[in-house]
There are 2 protein chains.
Amino acid sequence: MPGTPRARAREQTLGDITSIGRRHLAEVGAAALSLRAVARELGVVSSAVYRYVANRDELLTLLVVDAYTELGDEVDAAVEAAGPAAVDRFTALAQAVRTWAVREPSRYALLYGSPVPGYAAPAERTTAEGTRVVTLLALIIDGAWRSGELDDTAAPVAATLEPDLRAISDQLSLAVPDRVIAATVQAWSALFGAVSFEVFGQYGRSTFADPAALFDLVADRIAVQLGLRRPGG
Amino acid sequence: MPGTPRARAREQTLGDITSIGRRHLAEVGAAALSLRAVARELGVVSSAVYRYVANRDELLTLLVVDAYTELGDEVDAAVEAAGPAAVDRFTALAQAVRTWAVREPSRYALLYGSPVPGYAAPAERTTAEGTRVVTLLALIIDGAWRSGELDDTAAPVAATLEPDLRAISDQLSLAVPDRVIAATVQAWSALFGAVSFEVFGQYGRSTFADPAALFDLVADRIAVQLGLRRPGG
DNA sequence: AGAAGTCAAGAGCAGTGCTCTCATAAGTTG
DNA sequence: CAACTTATGAGAGCACTGCTCTTGACTTCT
């Protein structure tokens, strides 16, 4: 529907490059992602793709945004489908993240793994999509805080940390209490650690009968540690 | 002291290759680590290093073991220097891991980041060194369990998880209760998540006034979640 | 001294990212 | 409709990578 046929053709080709890149990423990983291979599969000589993508890094950026968007959409949908209780929403978020990560290990690694050397995702193109999940997590915790679904037995946040916590909430464009930010940081890093452990195979060579249950164990405990409980509980 | 002068010269050259590789790893990362660059710096033609190292992967393995060893030594020393209380030992372990990771981000990424595509560390050469820290963590928790420094208020482990937890303790060659293994998994993944977040810059572009304090916040809460308390507390 | 083992050098293959020039096809304007 | 401008793809080429193979020299052991 947009503009000239040439512009539409360009959009189409760019989409093809992205989807081929996505498949290659899944197969060989970010570090071995090759523009030439993408060009080959596109049926075009290598220099031609440089008409669409400035360099390999920009292709990576395209894939980063693409992955963040898909993850964000799936997590949004899962949390939406969960009930209104904060515990359920947190659990849905955790499981949706894990499910996506297990299904798309290379893309998860691109987003949350060790940074690709020499490549830094340009903030202006990735932060918006990249902070969706953690922002949602903060909102869930904030909701629990407001509705009284969060135990207030946890120790208060030390004053020296306030500036740093404020920096994080600025980053997320959120106006929530320090306590909520602290809980979010804690939950997000623990969740992220559990997912990374499974996806990156830090459990060693052992294969597990029920890795999802193992993850749920950790996720449950994170919820407990957060102090989340059911509305009437 | 060992054997023939030729063997000693070989050992020396291998050490040189490792230390040059370690420096290159820090500068360009694992994926961009180049055998030719190492050879250049060694003052030798590229094919010559293949006399010492079968291929690039083996150089990576050398560096993996090297890194695991250094990390393990530092953590051991820190835990040893801490008092006998389980809380102190856990805190010392957490801070030692973070300190090393912050100082050696590339090597941390090599060990605990996204796997290098096409490279899998050979288990027979890396598991021994690679499980030192997590084994020590399990021993700390087990000690707390035995000495009564671990609150037993946490929910018991579901029966369906027992086989998988058993698999983990087998991997670590430890004979400790399922409860201890579950707590170890939880603590280790949370700790690992917190360190990775800081090292891999998942906090975004914001620079923090006191990242160590931010980490301590999370580490403290992990200790609380574990149920660790002081001997007489 | 001769045999066996070890080592470095160099050439070469196939692949990479990226830049350049050139011809052609596609749209845009007079 | 013709002329101009732009977008696009092809091809050659540079410097780099991992890795293999052959060749010649050197060291060590018998």
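Throughout, a chain's letter reflects where its sequence line sits, starting with A, and its residues are numbered from 1.
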*Which heavy-atom pair separates A:S46 from A:A39 by the least distance, and what is that distance?*
CA-CB, 3.6 Å
*To the nearest angstrom, how far is A:R8 atom CZ from D:dT8 atom C1'?*
17 Å
_Quick test of your reading of the model: are B:R107 and B:E70 salt-bridged, counting only N-O distances below 4.0 Å?_
yes
_List the residues meeting salt bridge (Lys or Arg N to Asp or Glu O under 4.0 Å) with A:D170, not counting sequence neighbours, and say none if there are none._
none
*Return the value, rounded to whole Å, for the distance between atom CG of B:D57 and atom C1' of D:dC19.*
12 Å
_Under 4.0 Å between a side-chain nitrogen and a carboxylate oxygen: does that hold for B:R22 and B:E104?_
no
_Length of the OH-P vector between A:Y52 and D:dA7, whole Å_ = 11 Å
_Other residues, nucleotides and ligands only: do more than 12 of their heavy atoms fall within 6.0 Å of CD on A:E124?_
yes
*Which letter, B, S or -, goes with each nucleotide of nucleotides 20-30 of chain D from 5' to 3', with contact meaning a protein heavy atom under 4.0 Å?*
BB-----BSS-
_Terminal contacting nucleotides, 5' and 3', DNA chain C versus chain B (heavy atom, 4.0 Å)_ = C:dG5 to C:dG12
*asked:* One thing to verify: whether A:D216 and A:R98 come together as a salt bridge, which I'm taking to mean a side-chain N less than 4.0 angstrom from a carboxylate O.
replied: no
_A:R8/A:E11 ion pair, N-O < 4.0 Å_ = no
_Using a heavy-atom cut-off of 4.0 Å across all strands, would you classify B:V44 as base, sugar-phosphate, or nothing?_
sugar-phosphate
*asked:* What's A:L42 touching, base or sugar-phosphate or nothing? Going by heavy atoms closer than 4.0 Å.
replied: nothing
_Taking only side-chain N and O atoms of B:R56, does any of them lie within less than 4.0 angstrom of OP1 or OP2 on D:dT17?_
no
*Is the shortest heavy-atom distance from the side chain of A:Y52 to the side chain of A:L42 under 4.5 Å?*
no
*Name the residue closer to the 5' end of DNA chain C, choosing between B:G43 and A:R40 according to the nucleotide with the nearest heavy atom.*
B:G43
_Whole angstrom value for the distance that separates P of D:dG13 from CZ of A:R36_ = 14 Å
*Measure from the ring center of A:F200 to the ring center of A:Y108 and say whether it is less than 6.0 Å.*
yes
